[in-house]
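Before any comments, here is the structure.
We're numbering straight along the sequence, starting at 1.
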Amino acid sequence: MIRTKYKVLKLEDIAVNSKNAIVDGPFGSALKVKDYVDDGIPVLQGKNISNFQFNFSDIRYITPQKAQELIRSKVEVGDILFVKIGSIGYSAEVTDLNGYPLLLSQLT
């Protein structure tokens, strides 16, 4: 049994009942290294999570056009992102978009 000050719930019990309420980020051929640009729409990655918070100091970007192709991975305030590759177990809640009009995630 997990002992914590937090209540343990299943994702299916707290997720919004709408299309794409629970998604994973783009992977494989959907987002390649060549898609990253110097400025544009930020993409959150596992390396951007530490201490249950987002670190925006080392962000990768994609063009607005590429972001529209990947809009399924759009991040909204209140979303909880989980690392699914690499440092598994890290997670953080999105409390703001850090001044960006749109964020995308490669996370779950």
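Here Lys10 pairs with Glu12, Asp13 under the side-chain contact (heavy atoms from CB on, under 4.5 Å) rule; sequence neighbours left out. Applying the side-chain contact (heavy atoms from CB on, under 4.5 Å) rule to Glu76 yields the partners Lys74, Asp79; only residues at least two apart in sequence or on another chain are considered. Evaluation of the side-chain hydrogen bond (donor to acceptor under 3.5 Å, both in side chains) rule for Gln68 yields no partner, not counting sequence neighbours. Contacts of Ser91 classified as side-chain contact (heavy atoms from CB on, under 4.5 Å), with partners at least two apart in sequence or in another chain: Phe52, Phe82.
Contact between Ser105 and Leu81 at its shortest, heavy atoms only, is OG-CD1, 3.8 Å. The two residues Gly78 and Glu93 make their nearest non-hydrogen contact at CA-OE2, 3.9 Å.
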Can you list, pair by pair, the side-chain donor-acceptor contacts under 3.5 Å of residues 94-104, counting residues two or more places apart and other chains?
{"residue": "Asp96", "atom": "OD1", "partner": "Asn98", "partner atom": "N", "Å": "2.5"}
{"residue": "Tyr100", "atom": "OH", "partner": "Tyr61", "partner atom": "OH", "Å": "3.1"}

Result block: side-chain N/O donor-acceptor pairs under 3.5 angstrom for residues 39-48, not counting sequence neighbours:
{"residue": "Gln45", "atom": "NE2", "partner": "Tyr36", "partner atom": "OH", "Å": "3.4"}
{"residue": "Gln45", "atom": "NE2", "partner": "Gln106", "partner atom": "OE1", "Å": "2.7"}
{"residue": "Lys47", "atom": "NZ", "partner": "Asp58", "partner atom": "OD2", "Å": "3.2"}
{"residue": "Asn48", "atom": "OD1", "partner": "Gln45", "partner atom": "N", "Å": "2.8"}
{"residue": "Asn48", "atom": "ND2", "partner": "Asn55", "partner atom": "O", "Å": "3.1"}
{"residue": "Asn48", "atom": "ND2", "partner": "Asp58", "partner atom": "O", "Å": "3.0"}

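Rounding to the nearest 0.5 angstrom, the gap separating the CG atom in Asp35 from the CD atom in Gln65 is 11.5 Å.
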